[in-house]
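Have a look at the structure below before the remarks.
Side-chain atoms are counted along with the backbone in the values below, which use heavy atoms only and exclude waters and symmetry mates. Computed from a prediction, not measured in an experiment: that's the story for all the values here. Proteins come first, then strands; the chains are lettered A, B, ... in the order of their sequence lines, and each starts at number 1.
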Amino acid sequence: MALTGLQIFKLLPKTNCRECGFATCMAFAMALAAGKVSLDACPHASDDARATLGAAAEPPVRLVAVGQGEYAVELGGEVVLFRHEKTFYHPTALAIEVRDDLPEAELKERLSRIQTLSFERVGITMRVNLVAVRHAHPDPAFFIKTVELVQAHSPLPIALVTQDPAVIRAALAIAGSRRPLLWGATETNWQEMTALAKEYGCPLVVAAGDLAGLASLTEQVTSSGHKDIVLHVPAAGAGDALRTATAIRRMAIKKRFRPFGFPILASFGDGRDAYLVALAAATCIAKYASLVVLDTVDPAVVLPLLTLRQDIYTDPQKPIQVQATCYSIGNPGPNAPVLVTTNFSLTYFSVVNEIEASRVGTYLVTVDTDGTSVLTAWASGKFGPEQIAEAMERTGVGEKVKHRQVVIPGYVAMLSGRLEELSGWNVRVGPREAAALPGFLRSYVTN
Amino acid sequence: MSFELYRESFPFRISEVEIGASASGNGQQRSLRVGGASTLPFLSFDGAPGHLPVVGMEVWDVVPEPWPVPLENVFGPVASDPVGWARHCVEEWGAEFICLRLRGADPELGDASPEACATLARDVLDATGVPLVVFGCGNDAKDNVVMQKVSESCAGRRCLIGPVTSDNYRTIAAAAMVNGHLVIAQSPVDVNMQKQICVLLNDLGLPQTQIVMDPTTGGLGYGLEYTYSVMERVRLAALQGESSLASPMIVFCGFEAWRAKEAKTGPADGVVQGALWEALTAGTLLQAGADMLVMLHPEATRAVREHIKALAGGEMAI
Ligand code: B12
Ligand code: SF4
């Protein structure tokens, strides 16, 4: 909670010495409350004042980085409970589990499948973010071997999943410089785990069986000087996971309850029904998990989850848009078809993907609809015959082709008459869904 | 260290709505209650989360063209007979209600007569014994006559009919009131317009307990996030006292999800990507307050029903 000027004033020396550049301590306090200056400008502030003001300035949910370099991920850093209040900032990371008791060939196979879990959508690459190596084999040597193999075959950051500090220490000897996530600390091992996390500068999962236990454990870990924490309460099912994560995040954001001011981990490792595991994971993506651990490499499960993550973490204030212009797709010549659509990225990429699949060189004119879809834009007067005619005129598509025929989306068939009048072009109504475009375009160019 | 869980409480609750009623002298018809929540979805530690959301399946009067392969695989054998299809949904796949989508009434998709639509609705109702949602073709003029006939043929059975919008609601709402049905109040993903249509219906004499709101479903990857946030805002406003938004909400997950290109593709065996596409659309909207979920694929229906049980079950360890 931000402090008021008066609250800050009470913490200052009240000597009005002016060294901060302000005439009075009160004036300085007001400027500080407004976020215009930093407390550092007052050389006389007590340690107590620094501690109190420092805590007030800390974010409600700490931002915790895992891994290093290009593939590093940041967890947490959220400031609201509902995306419509502002936005969610750091998309839920997805981790895929691998066990150290897998035969080497299977392990390599799994790692190469994890590598393929990367998809293009709306011009953005979506992929899984971590590999969680679980210690299951009784012999720790297998764990070390597996960590080595994973590091050799995958660029993704690693989570080291074992509660045995000796095993983690051995793994850190080979993986410690890449900022792995240590998973982690419990009531019984937290002192050694915290020491290791501090020594290697690694984020640490703190796990407890209930919320009260979790609160006291994170207090202990933070007071021994480690703050890069990820919270975990193992849940029996989707309902528990939802309620636990909600309770934690609410207390962090609404009550500034410090022991819960960290990102949350949700894990659904042992589910047998892929649909139910995916539904539980989806629930946690919507509701407050910053890291979800899965036990599947099935693209039919991972793609929908990554798509959901992209949806939920899109900034509600600004739809993703592309430039409004005339795009050449493939190698369009003077007889190439001319299509129109909107500049909403989702719409644009849906259409472009299909044009590319058709292998028919095409001109695509995008109308500036403030990044809205075909029907949304039509209903709000941003994709009417006037705007389309204007965009065709402005982009000079008429100079690129010899013909005068334009294809419009099937959903806006009703505007064809007026568009013909305004533009002087023939209007051909295309299919409704872009998926039908390849077939449409192929037969269109042969006629 | 002492620990006290922070709980949230809201001053108001969502109205309770009952769908489905027996014809007189016939005790076969089941009814469903939805709504009643005084918390955000499934947050039972805050208070009473109300009735569990219900899962229904969509049945079409005409065979869809083109038909995504995974849907054709399951519905192919029953699709030409909507009554049989509906029975199958209830008896084999556990649909708690049926949503009959009268696409064939569209003047451009067959122009089925209002009488034929009315008979079909009645037949589905009698054959399945579960509550019925009847969804129009989207052509206002046609929907008005069709829904009038439908509400007569199913009089007294508390069907949920619609949609009605601020531009077109009088005829259908009046027919529903006269014949004892409920209406679907639709808005184009917009909180204010959702409120507007509900107020218009209230003014006409239709109470909040006879309204189910359709905030318009965007499928996964195709506008889901807009629907999600609008629903969250609607639900929060209702719990804080906006009485004209205090009705349950219905979402059409199957229909919207299968429009997505990704639903129609995916690996040939194992998890049906399209079924998961609709299941995740549903699972996400459940968190925004969906009370009635309309699905298409049987696997999606099954999974979402089990997921709702999982969400309701279990104890949070405090
Ligand atoms: C999400 C959404 C919104 C979001 C905006 C999202 C955005 N950035 O555009 C929000 C909430 C802001 C919104 C607002 C409104 N919306 Co809106 N919205 C939707 C929703 C749910 C999904 C739209 C979407 O993203 N579709 C996905 C994209 C990819 O689809 P698409 O652009 O049509 O592209 C596809 C095809 O058209 C085709 N295609 C595209 N280009 C081309 C080109 C060619 C040549 C061809 C052949 C094919 C083709 O390919 C794509 C994939 O198949 C729809 C309902 C629905 N379920 O569809 C309503 C809907 C579009 N909205 C509607 C309305 C009325 C509005 C408002 C005007 C309501 C209001 N008065 O406030 C406002 C306008 C806001 C404004 N002032 O700009 C109505 C339109 C009704 C109509 N038929 O006219 C709809 C249909 C809802 C409804 N049933 O009432 N909306
Ligand atoms: S420097 Fe510190 S003590 Fe001096 S006037 Fe400024 S706030 Fe007050």
**Report entry** Those residues of residues 270-281 of chain B, ordered by number, that approach chain A below 4.5 Å (heavy atom to heavy atom)
**Finding:** B:Val271, B:Val272, B:Gln273, B:Ala275, B:Leu276, B:Trp277, B:Ala279, B:Leu280
Query raised in the report: Is there a side-chain contact between A:Ser267 and A:Leu265 (heavy atoms, below 4.5 Å)?
Result: yes
Report task. Go through the steps for A:Val61 and A:Phe262 under the test side chain to side chain contact (heavy atoms under 4.5 Å, CB included), then give the verdict. Result -> CA-CA 5 Å; A:Val61 178; A:Phe262 302 97; 5.7 Å; no
Query raised in the report: Given the side-chain rings of B:Phe255 and B:Phe135, with only the six-membered ring counted for Trp, is the space between their centroids under 6.0 Å?
Result: no
Requested in this report: For B:Ser38 and B:Gly47, indicate whether the former's side chain and the latter's backbone hold a donor-acceptor pair under 3.5 Å.
Outcome: no
Query raised in the report: Heavy-atom count around B:Glu108 CD within 6.0 Å, excluding the residue itself: above 12?
Result: no
**Report entry** Residue pair A:Thr369 / A:Val374, side-chain heavy-atom distance below 4.5 Å
**Finding:** no
Query - Test log, rule side chain to side chain contact (heavy atoms under 4.5 Å, CB included), inputs B:Thr165 and B:Gln196 - result: CA-CA 9 Å; B:Thr165 63; B:Gln196 186 191 3; over 6 Å; no
Query raised in the report: Pick from B:Pro188, B:Gly218, B:Gly221, B:Pro267: which one has the most heavy-atom pairs with chain A under 4.5 Å?
Result: B:Gly221
Query raised in the report: With a 4.5 Å limit on heavy-atom distance, are the side chains of A:Phe383 and A:Val412 in contact?
Result: yes
Query raised in the report: Tell me, side chain or backbone of B:Arg259 under 4.5 Å from chain A's heavy atoms, or both, or neither?
Result: both
**Report entry** Any side-chain heavy-atom pair of A:Arg243 and B:Leu43 under 4.5 Å
**Finding:** yes
Report task. Using the salt bridge (Lys or Arg N to Asp or Glu O under 4.0 Å) rule, take A:Asp370 and A:Lys382 through it: C-alpha gap first, then chi angles, then the decisive distance, then the call. Result -> CA-CA 8 Å; A:Asp370 294 331; A:Lys382 293 172 189 158; 3.6 Å; yes
Query - Segment of A:Ala236 engaging chain B (4.5 angstrom heavy-atom cut-off) - result: neither
Query raised in the report: Counting a contact as any heavy-atom pair under 4.5 Å apart, which residues of residues 349-358 of chain A contact chain B?
Result: A:Ser350, A:Glu354
Report summary line: So, the part of A:Pro304 with a heavy atom under 4.5 Å from chain B: the answer is both
Query raised in the report: Given side chains that start at C-beta, do those of A:Val233 and A:Asp210 come closer than 4.5 Å, heavy atoms only?
Result: no
Query raised in the report: Just checking, is any N or O donor in the side chain of A:Glu120 or A:Thr125 under 3.5 Å from an acceptor N or O on the other one?
Result: yes
Requested in this report: Heavy atoms only, distances under 4.5 angstrom: which of A:Gly237, A:Ala241, A:Ala278 has the most pairs with chain B? Name it, please.
Outcome: A:Ala278
Query - Ring centroid separation A:Phe260 to B:Phe3 under 6.0 Å - result: yes
Query raised in the report: chain B heavy atoms under 4.5 Å from A:Leu279: which part of the residue, side chain, backbone, both or neither?
Result: both
Query raised in the report: Who in residues 225-240 of chain B is close to chain A, using a strict under-4.5 Å heavy-atom cut-off?
Result: B:Glu225, B:Tyr226, B:Tyr228, B:Ser229, B:Glu232, B:Arg233, B:Leu236
Query - Proximal component of A:Glu433, with respect to chain B [non-hydrogen, under 4.5 Å] - result: side chain
Query raised in the report: For the residue pair B:Ala317 and A:Gly209, what are the closest heavy atoms and their distance?
Result: CB-O, 3.2 Å
Query raised in the report: Run the ring-ring contact (aromatic ring centres under 6.0 Å, His included) check on B:Phe75 and B:Trp93 step by step: do they pass?
Result: CA-CA 12 Å; B:Phe75 297 127; B:Trp93 297 320; 5.6 Å; yes
Query - Short N-O contact, B:Lys195 and B:Glu242, less than 4.0 angstrom - result: yes
Query raised in the report: Can you tell if the side chain of B:Met249 reaches within under 4.5 Å of the side chain of B:Asp214, non-hydrogen atoms only?
Result: no
Query raised in the report: Do A:Arg258 and A:Glu219 meet the salt-bridge criterion of a basic N to acidic O distance under 4.0 Å?
Result: no
Report task. Tell me, for A:Leu305 versus chain B, whether the close heavy atoms (under 4.5 Å) come from the side chain, the backbone, both or neither. Result -> both
Query raised in the report: Below 4.5 Å, heavy atoms only, C-beta onward: do B:Leu311 and A:Leu242 meet side chain to side chain?
Result: yes
**Report entry** A:Arg121 versus chain B, the contacting section by heavy-atom distance below 4.5 Å
**Finding:** side chain
Report task. Consider only side-chain N and O atoms of B:Tyr222 and B:Glu262, and report whether a donor and an acceptor are under 3.5 Å apart. Result -> yes
Requested in this report: Select all residues of residues 287-299 of chain B having any heavy atom within less than 4.5 Å of some heavy atom of chain A, and report them by number, or 'none'.
Outcome: B:Gln287, B:Glu299
Report task. Answer with side chain, backbone, both or neither: which region of B:Glu8 has an atom nearer than 4.5 Å to a non-hydrogen atom of chain A? Result -> both
**Report entry** Selection from B:Arg7, B:Glu4, B:Arg302, B:Lys309 maximising heavy-atom pairs under 4.5 Å formed with chain A
**Finding:** B:Arg302
Query - Heavy-atom contact with chain B under 4.5 Å, split by part of A:Val301 - result: both
Query - A:Thr92/A:Tyr288 under side chain to side chain donor-acceptor pair (under 3.5 Å): CA gap, chis, key distance, verdict - result: CA-CA 8 Å; A:Thr92 309; A:Tyr288 312 132; over 6 Å; no
Query raised in the report: Could you walk me through whether A:Asp315 and A:Lys318 pass the salt bridge (Lys or Arg N to Asp or Glu O under 4.0 Å) check?
Result: CA-CA 6 Å; A:Asp315 185 344; A:Lys318 24 180 155 84; 3.3 Å; yes
Report task. Quick one: which of B:Gly313, B:Ala300, B:Gly283 has the most heavy-atom pairs under 4.5 Å with chain A, could you say? Result -> B:Gly313
Requested in this report: Give, as side chain, backbone, both or neither, the part of B:Ser44 having an atom under 4.5 angstrom from any heavy atom of chain A.
Outcome: both
**Report entry** Max heavy-atom pair count under 4.5 Å with chain A, selected residue of B:Ile318, B:Asp46, B:Val189
**Finding:** B:Ile318
Report summary line: So, the part of B:Ile308 with a heavy atom under 4.5 Å from chain A: the answer is neither
Report task. Decide yes or no for A:Tyr348 and A:Thr342: does some side-chain heavy atom of the first lie under 4.5 Å from some side-chain heavy atom of the second? Result -> no
Requested in this report: Calculate, to the nearest 0.5 Å, the distance between atoms CE and CZ belonging to A:Met251 and A:Phe257 respectively.
Outcome: 4.5 Å
